[in-house]
Amino acid sequence: MPELIAVHGDITRQDVDAIVNAANNAMRGGGGVDGAIHRAGGPDILRDCIARFPHGLATGDAGWTTAGRLPARWVIHTVGPNHTAGERDRSLLVSCYRRSLEVADELGAVSVAFPLISAGVYGWPKQDAVAAAVETVSATSTRVAEVRLVGFDERTYRDIRDAIRVLG
Ligand code: AR6
């Protein structure tokens, strides 16, 4: 099981093997963390998305592209359920973390940083989004040694930190 670390800040600045993107089914960029990753990583990420995901990506699934000029080597894209649009199946959210770690294993990534999938534009209730992230990552068998859960704002960071502490 990986070591879980709460981090406060911008995921695009994380010096890890792979960062995870909260993408959408079209896989052609967007707002939120998706927009930040494409902006910071440059056009190679979109070019790779078009080449590797001509038909997009299913909700709950994950796949990878180059990280362009980001410090990370790869971006692992995953698509969370859109709670606001009525997608409330928690197993899809759990699947995002599991599938992303599977892709990390395929790549040989040892350190991975996640944002809080579905917790922004897609409106998943924050506390449950934190619980799903912490529970799933800590229960997944993977060769990834270090997982950083990145809270963009101070409050989210503290929620993540506290949830990790409860695990002990
Ligand atoms: N670093 C870390 N976390 C961030 C950053 C950042 N730079 N920017 C935002 N967050 P969201 P979703 C946090 O909306 O809910 C996009 O348009 C944010 O505060 O990025 O899965 C996609 O293209 C929140 O806690 O992703 C999709 O259409 C978390 O990242 C849709 O939004 C996720 O918020 C996906 O929605």
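A quick note: this is a predicted structure, and the numbers were derived from the prediction, not measured. All ligand and atom numbering here is 1-based and tracks the order in the structure.
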**Under 3.5 Å donor-acceptor, T136 side chain and A132 backbone** = yes
**Prompt:** Can you check whether D10 has an N/O within less than 3.5 Å of an N/O in ligand 1?
**Reply:** yes
**Pick from F114, W124, Y122, F152: the one approaching atom 4 (C) of ligand 1 most closely through a non-hydrogen atom** = F152
**Item:** Identity and distance of the protein heavy atom lying nearest atom 20 (O) of ligand 1
**Value:** V33 N, 2.7 Å
**Asked** How far is atom 15 (O) of ligand 1 from its nearest protein heavy atom, and which residue and atom is that?
**Response** G120 N, 2.8 Å
**Request:** Could you tell me whether E154 and R158 make a salt bridge, using a distance below 4.0 angstrom between a side-chain N and a carboxylate O?
**Result:** yes
**Message:** Which residue and atom name correspond to the protein heavy atom nearest atom 23 (O) of ligand 1, and how close is it?
**Reply:** D34 OD2, 2.7 Å
**Item:** Residue, atom name and distance, where the atom is the protein heavy atom closest to atom 2 (C) of ligand 1
**Value:** I11 N, 3.6 Å
**Request:** Just need the protein heavy atom nearest to atom 14 (O) of ligand 1, so name the residue and atom and give the distance.
**Result:** V121 N, 2.7 Å
**Asked** Which protein heavy atom lies closest to atom 21 (O) of ligand 1, and at what distance to 0.1 Å?
**Response** S118 N, 2.9 Å
**Prompt:** Within a strict 4.5 Å, meaning less than it, do heavy atoms of the V147 and L101 side chains meet?
**Reply:** yes
**Numbering as shown, the atoms of ligand 1 that approach A36 to under 4.0 Å (heavy-atom distance)** = 7 (N)
**Atoms in ligand 1 with a heavy atom of G31 nearer than 4.0 Å** = 16 (C), 17 (O), 23 (O)
**Asked** Looking at atom 29 (C) of ligand 1, would you say a protein heavy atom lies below 4.0 Å from it?
**Response** yes
**Item:** Shortest non-hydrogen contact from I164 toward L4
**Value:** CG2-O, 4.0 Å
**Request:** Measure across V20 and T78 and return the closest heavy-atom pair with its distance rounded to 0.1 Å.
**Result:** CG1-CG2, 3.7 Å
**Item:** Test item: V110 and E146 side chains (from C-beta on) under 4.5 Å apart, heavy atoms
**Value:** no
**Message:** Give me the residue, atom name and distance of the protein heavy atom closest to atom 33 (C) of ligand 1.
**Reply:** L116 O, 3.2 Å
**Fill in**
In this structure, atom 26 (O) of ligand 1 is nearest to the protein heavy atom A22 CB, 3.6 Å
**Message:** Under a 3.5 Å cutoff, is there a donor and acceptor pairing between the side chains of S118 and H83?
**Reply:** no
**Request:** Examine distances only and state if a side-chain atom of N24 and a backbone atom of M27 form a donor-acceptor pair shorter than 3.5 Å.
**Result:** yes
**Item:** Shortest non-hydrogen contact between L116 and A129, atoms and distance
**Value:** CD1-O, 3.7 Å
**Prompt:** Quick one: which ligand 1 atoms are inside 4.0 Å of a heavy atom on N24?
**Reply:** 22 (C), 23 (O), 27 (C), 28 (O)
**Request:** Say whether, by atom type as modelled, one donor and one acceptor occur between the side chain of S95 and the main chain of S91 under 3.5 angstrom.
**Result:** no
**Message:** Quick check: D153 and ligand 1, any N/O pair under 3.5 Å apart?
**Reply:** no
